[in-house]
Amino acid sequence: MQVVRLETAQCQPCYSKTEVLTIHKIEEYLTQIPGWQLDTSKQDSPRLRRTFTGKDFNHCVDMVCKIRNVAQKENHHPEIHLTSFNRLEVVIQTFAVNNLTINDFILAAKITTCLST
Ligand SMILES: C[C@H](O)[C@H](O)[C@H]1CNC2=NC(N)=NC(=O)C2=N1
């Protein structure tokens, strides 16, 4: 069975018919994005969530700009919350289906990479 490498995959345009991931696939893909949590607090609307701590506010805004570049390139976009002077919360879901698709995991993997350089 061919395993998708999220880091090198590309997001595909998504719409109402985009495949929603099974919990099995979610758990499989979660192993490739350590540090990200599965947020099931909203009924039937799972999301990926991760909090990044910056050195200071400037650093957090720099991180927002890096995420912006990745999201624009992939045409798949996260929610970004500056929750404190040095804390950045990123939440990812496929809005078209109010659920998780592979695009969300690809974006999470690329956000992790762009913030680790
Ligand atoms: C065609 C293209 O896939 C859509 O406009 C994109 C844009 N960015 C998106 N981002 C997210 N998170 N979910 C979407 O459904 C979505 N749709």
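Indexing begins at 1, ligand by ligand and atom by atom, following the structure's order. These values consider heavy atoms only, across backbone and side chains, with no hydrogens, waters or symmetry-generated copies. This structure is a prediction, so every number in the text was calculated from the model and none was measured.
Looking only at side-chain heavy atoms (C-beta outward), N86 and F57 stay at 4.5 Å or farther from each other.
Side-chain N/O atoms of H76 and D104 include a donor and acceptor closer than 3.5 Å.
The protein residues lying under 4.0 angstrom from ligand 1, judged by non-hydrogen atoms, are P13, C14, N75, H76, H77, Q93, T94, F95, A96.
No more than 12 heavy atoms of other residues, nucleotides or ligands sit less than 6.0 Å from atom CD of E19.
With side-chain heavy atoms closer than 4.5 Å counting as contact, directly or through intermediates, F85 stands alone and belongs to no larger hydrophobic cluster.
Among all heavy-atom pairs drawn from R47 and V91, the shortest one is CD-CG1, 3.8 Å.
Aromatic ring orientation, F52 versus W36: perpendicular (interplanar angle above 60°, classes split at 30° and 60°).
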